[in-house]
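Structure, as structure tokens:
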Amino acid sequence: MIKYPFLVGLLKKLDIDSDNIKFEELFKKGSIALTYKIIGLIIGYVFTLLVTRVLGAESMGVYALSTTVLAIITTVGNLGLNTALLRFVSQYSTLKRYDLLKEVYIKSIKILIPFSVILSVLLFSMSGFISKYLFKSTDLTIYFKLISLAVLPSIFAMINLESLRGLKRIKEYAFISNISIAGISVCSLLILLFFFRNSSLPIIALIISHTIIAAYSYRIWRKHSKIDEIVVTNEIKIRNIMKVAFPLLFSSSLFLVIDWTDTIMLGMYSTKANIGIYHVCLKLAMLTSITLYAVNSIAAPKFAEYYAQRDLKSLEMIVHQSTKLMFWSSSPIVLIYLIFPTLVLGIFGHDFKKGAVALIFLSIGQFVNVISGSVGYILQMTGKEKIFQHIIFAATILNIVLNMILIPRYGINGAAFASMLSISFWNLTAMFYIRSTFNITTLYLPKLRSWMVK
């Protein structure tokens with residue numbers, strides 16, 4: 001039971017059933033993830049303030065472009081196995097098949113480590129080409145060479161963290177992926193700034209952080225999975241693992257295109273300073289969906305668990321309760337951004353105030369993402385990953401076309417508007433598919449929900 005009477009009363013006023021034992025687990029573990037996420041975001045904003053205030057908007061632009069390249073490489077390098085492991089580990093741990101759990105992890109690692117090394121070497125050797133021909137600037141070469149060193153530790157850390165999430169070790173997962181990564185980055189940056197003033201320092205701090213987290217996450221995974229004590233039987237074929245992973249790879253790759261097309265195209269058509277401003281707007285807008293992150297931390301493995309047990313009633317209950325919780329917790333942040341966008345952006349410096357309109361568009365897009373519910377994970381954890389792949393593909397094409405049309409004319413505001421429309425499109429399309437397939441309504445708006453359920 002949730003202990004605090006005030007909190008119970010508030011949840012009841014919001015039409016959230018706090019007495020349900022399934023919601024209680026979601027709420028408690030989700031609250032831990034949310035708390036860690038908020039702390040991690042605060043530390044992350046300290047990192048952003050250090051970069052913007054000490055090194056300037058242009059340095060933030062360089063950092064944004066470099067992390068965008070890293071995100072693309074690591075998404076491809078994961079081969080979809082990070083999300084596949086979340087699903088497999090959750091299902092096998094539910095069924096008490098720890099031998100299969102260990103087997104699928106080891107086989108995934110044997111594929112990913114050599115592939116990651118190859119990608120890292122390719123990025124290092126092609127940094128000059130990418131800088132010159134994609135971003136029309138040779139100045140970025142050294143930064144792309146540096147970020148190539150983060151490829152292997154980033155991929156390894158992701159695999160360990162998603163595996164921990166599959167075990168429902170939400171506290172450990174949330175702490176490492178939020179507080180640890182952000183904290184090590186800030187500490188590393190502060191030490192580096194004490195001796196140097198250079199645009200590459202944020203990237204070096206990131207490399208240090210990912211390397212430490214890769215080693216630490218593996219240690220925690222081994223501790224909780226107890227894989228050292230389990231004997232592996234050779235029951236799982238690699239091709240069967242990849243049969244699940246490849247559609248997830250395609251979906252996550254398309255997600256990446258949606259998330260980063262705007263930044264890449266701004267790199268082609270705009271200045272590094274404008275990219276830095278847009279990156280800050282994007283980070284602020286993501287604050288709107290922190291509850292979605294927290295809920296997904298525990299809900300995603302729950303979706304896989306209930307679907308494996310064919311318990312669609314429990315699945316529906318978790319979806320309904322979590323979406324209500326996300327709506328009410330995100331609404332105040334959206335309102336602040338809609339009413340005071342210039343004031344919020346002014347914290348990062350006077351130049352950042354020009355991103356006010358972009359912040360509004362990005363915040364609306366993230367709010368639609370929140371009120372639509374965990375539609376992506378619902379489809380991926382219930383064997384509908386190919387359907388989700390098709391939806392994301394359509395949204396990707398829409399995003400690319402809109403960015404090509406709007407960025408040359410409207411700059412960061414055009415990029416933000418394109419992002420808002422594409423995010424809204426895939427969320428609402430997935431929501432209607434889930435409604436027609438599982439008879440589950442994920443959307444929550446207090447008055448519209450009753451109409452949707454009829």
Measure across [X] and [Y] and return the closest heavy-atom pair with its distance rounded to 0.1 Å.
X    : Y    : answer
N413 : A358 : OD1-N, 3.3 Å
S200 : L146 : CB-CD1, 3.7 Å
V151 : L123 : CG2-CD2, 4.3 Å
V375 : W426 : CG2-CZ3, 3.7 Å
G355 : L345 : C-CD1, 3.3 Å
S180 : I213 : CB-CD1, 3.4 Å

Does any non-hydrogen side-chain atom of [Y] lie less than 4.5 Å from one of [X]?
X    : Y    : result
I176 : Y216 : yes
Y433 : L379 : yes
V368 : S372 : yes
L193 : L55  : yes
R165 : R169 : no
Y63  : Y143 : no
L152 : T211 : no
Y173 : I220 : no

Return the [atom1] to [atom2] distance between [X] and [Y], rounded to the nearest 0.5 Å.
X    : Y    : atom1 : atom2 : result
M158 : S116 : CE    : OG    : 9.5 Å
I72  : L119 : CD1   : CG    : 12.0 Å
H224 : R219 : NE2   : CZ    : 10.5 Å
S177 : E162 : OG    : CD    : 8.5 Å
L112 : I159 : CG    : CD1   : 4.5 Å
I212 : S188 : CD1   : OG    : 5.5 Å

Pick from D262, L359, I277: which one makes a side-chain contact (heavy atoms from CB on, under 4.5 Å) with I412?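 Answer after filtering D262, L359, I277: I277.
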
Do any pairs count as a ring pair (Phe, Tyr, Trp, His ring centres under 6.0 Å) and have a residue in residues 144-167, sequence neighbours left out, and if so which ones?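 For residues 144-167, and leaving out neighbouring residues, the ring pair (Phe, Tyr, Trp, His ring centres under 6.0 Å) pairs sorted by first residue read F135-F144, F156-Y218.
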
Test side chain to side chain donor-acceptor pair (under 3.5 Å) applied to [X] - qualifying residues, sequence neighbours left out:
X    : answer
S154 : H210
S217 : N160
S185 : S209
S59  : S199

Checking N274 against K354 for the side chain to side chain contact (heavy atoms under 4.5 Å, CB included) test, could you report, in this order, the C-alpha distance in whole Å, the side-chain angles of both residues, the deciding distance, and whether it holds? CA-CA 9 Å; N274 279 340; K354 68 174 71 173; 4.0 Å; yes

Applying ring pair (Phe, Tyr, Trp, His ring centres under 6.0 Å), can you list everything that pairs with [X], at least two apart in sequence or on another chain?
X    : value
F175 : Y36
F361 : F417
F129 : Y133

Does [Y] offer a backbone N or O that forms a donor-acceptor pair with the side chain of [X] under 3.5 Å?
X    : Y    : value
N78  : G80  : no
S330 : T288 : yes
S424 : M420 : yes

Set of side chain to side chain contact (heavy atoms under 4.5 Å, CB included) partners for T342, sequence neighbours left out: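 Per chain and number, T342 pairs via side chain to side chain contact (heavy atoms under 4.5 Å, CB included) with K353, A356.
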
Does anything in residues 184-193 form a salt bridge (Lys or Arg N to Asp or Glu O under 4.0 Å)? List the pairs, not counting sequence neighbours.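 Listed once each, the pairs would be none.
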
Donor-acceptor pairs are to be reported for all side-chain atoms of residues 40-50 against protein atoms at under 3.5 Å, with residues two or more places apart or in another chain.
from, atom 1, to, atom 2, distance (Å)
Y45, OH, K283, O, 2.7
T48, OG1, G44, O, 3.1

Residues M431, I434; criterion side chain to side chain contact (heavy atoms under 4.5 Å, CB included); working and verdict: CA-CA 5 Å; M431 179 200 73; I434 291 168; 6.0 Å; no

Under 3.5 Å, side-chain donor or acceptor atoms of residues 391-402 against the rest of the protein: list the pairs with distances, not counting sequence neighbours.
from, atom 1, to, atom 2, distance (Å)
T396, OG1, L254, O, 3.4
T396, OG1, I392, O, 2.7
N399, OD1, N403, ND2, 3.1
N399, ND2, S422, OG, 3.0

Would you please test Y337 and I360 for side chain to side chain contact (heavy atoms under 4.5 Å, CB included) and show each step? CA-CA 6 Å; Y337 289 163; I360 290 172; 5.9 Å; no

Assess whether side chain to side chain contact (heavy atoms under 4.5 Å, CB included) is satisfied between T429 and F388, documenting all intermediate values. CA-CA 9 Å; T429 303; F388 187 56; over 6 Å; no

